[in-house]
Amino acid sequence: MPTPFESAQLNLQLFALRREPVLREARAWFINEFNPESLSEVAALVSGDRNASFRMVIGYWDMAASLVTTGAVDADAFRAAHGEIFATFGKIQPFLAEIRTGSGEPELCKHMEAVVLGAPDGAAIASRRREAIRAFAKAKRSAPDQSGT
């Protein structure tokens, strides 16, 4: 098991990876624009140009969460530093069983799922964040154009 210092170092390295420009852009798309309300919407959103972004985001968060599930990073410290994982998981959670079945990957996002659902009220936090982001996206789409053009 890592020392608290080693766990903190890994946590900081994970945070630094989030600044990589391609991953940063993919994460911004995922949080701001990936708001499916059905499995068919998931398929439509990830079947084109954004497939790589989708895979990058869920792959990054599942890899990061695997450091928790394998004991390399303290779970509470990880969740405190990387709250975005709740929103990310919340967006795929309603469709995860179907995605796993359809892709033939029964363990897809299993580390992310374990970390989020391992938190006290983790499912409620993920759901709350998903709904808040959906509501914000809907409000943004329905707001009149303020650019003056």
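Everything numeric here is computed off the predicted structure, so don't read it as measured data.
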Measure the [atom1]-[atom2] distance between [X] and [Y] for me, rounded to the nearest 0.5 Å.
{"X": "R100", "Y": "F95", "atom1": "CZ", "atom2": "CZ", "result": "14.0 Å"}
{"X": "D62", "Y": "T88", "atom1": "CG", "atom2": "OG1", "result": "11.5 Å"}
{"X": "W29", "Y": "E33", "atom1": "CH2", "atom2": "CD", "result": "8.0 Å"}
{"X": "L96", "Y": "M112", "atom1": "CG", "atom2": "CE", "result": "8.0 Å"}
{"X": "N11", "Y": "L67", "atom1": "CG", "atom2": "CG", "result": "9.0 Å"}

Quiz item: Ion pair present between K110 and E113, side-chain N to carboxylate O less than 4.0 angstrom?
Solution: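 Looking at K110 and E113, the cut-off is not met.
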
Exercise. Please determine if E84 and R18 form a salt bridge, counting it only when a charged side-chain N lies under 4.0 Å from a carboxylate O.
Key: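 Looking at E84 and R18, the cut-off is met.
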
Quiz item: Can you hop from L17 to I31 via hydrophobic side chains spaced under 4.5 Å?
Solution: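 L17 does not cluster with I31.
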
Quiz item: Is it the case that one hydrophobic cluster holds both F78 and L117, taking links as side-chain heavy atoms less than 4.5 Å apart, direct or via other members?
Solution: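 Yes: a chain of side-chain contacts under 4.5 Å links F78 to L117.
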
Closest approach of [X] to [Y] (non-hydrogen atoms, all atoms of both residues):
{"X": "I85", "Y": "V116", "value": "O-CG2, 3.8 Å"}
{"X": "S38", "Y": "S40", "value": "OG-OG, 3.0 Å"}
{"X": "F86", "Y": "R129", "value": "CB-NH1, 3.5 Å"}
{"X": "P2", "Y": "V73", "value": "CG-N, 4.4 Å"}
{"X": "Q93", "Y": "A126", "value": "OE1-CB, 4.0 Å"}
{"X": "N32", "Y": "K91", "value": "N-NZ, 4.4 Å"}

Do any N or O atoms from the side chain of [X] and from the backbone of [Y] form a donor-acceptor pair under 3.5 angstrom?
{"X": "T101", "Y": "E98", "result": "no"}
{"X": "S127", "Y": "A123", "result": "no"}
{"X": "E20", "Y": "L23", "result": "yes"}
{"X": "R50", "Y": "L45", "result": "no"}
{"X": "S7", "Y": "P4", "result": "no"}
{"X": "D74", "Y": "A77", "result": "yes"}

Practice problem: Mind running side-chain contact (heavy atoms from CB on, under 4.5 Å) on F89 and I125 for me, showing each step along the way? | Solution: CA-CA 10 Å; F89 182 72; I125 295 167; over 6 Å; no

Please list, one pair per line, the donor and acceptor atoms closer than 3.5 Å that link side chains of residues 54-61 to other protein atoms, with sequence neighbours excluded.
from: R55; atom 1: NE; to: N51; atom 2: OD1; distance (Å): 2.5
from: R55; atom 1: NH2; to: N51; atom 2: OD1; distance (Å): 3.4
from: Y60; atom 1: OH; to: L14; atom 2: O; distance (Å): 2.6

Any non-hydrogen side-chain atom of [X] less than 4.5 Å from a side-chain atom of [Y]?
{"X": "N35", "Y": "K138", "answer": "no"}
{"X": "R79", "Y": "V115", "answer": "yes"}
{"X": "E25", "Y": "V22", "answer": "no"}

Quiz item: Crowded around E37 CD? As in, over 12 foreign heavy atoms under 6.0 Å?
Solution: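 Atom CD in E37 is packed in, count exceeds 12.
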
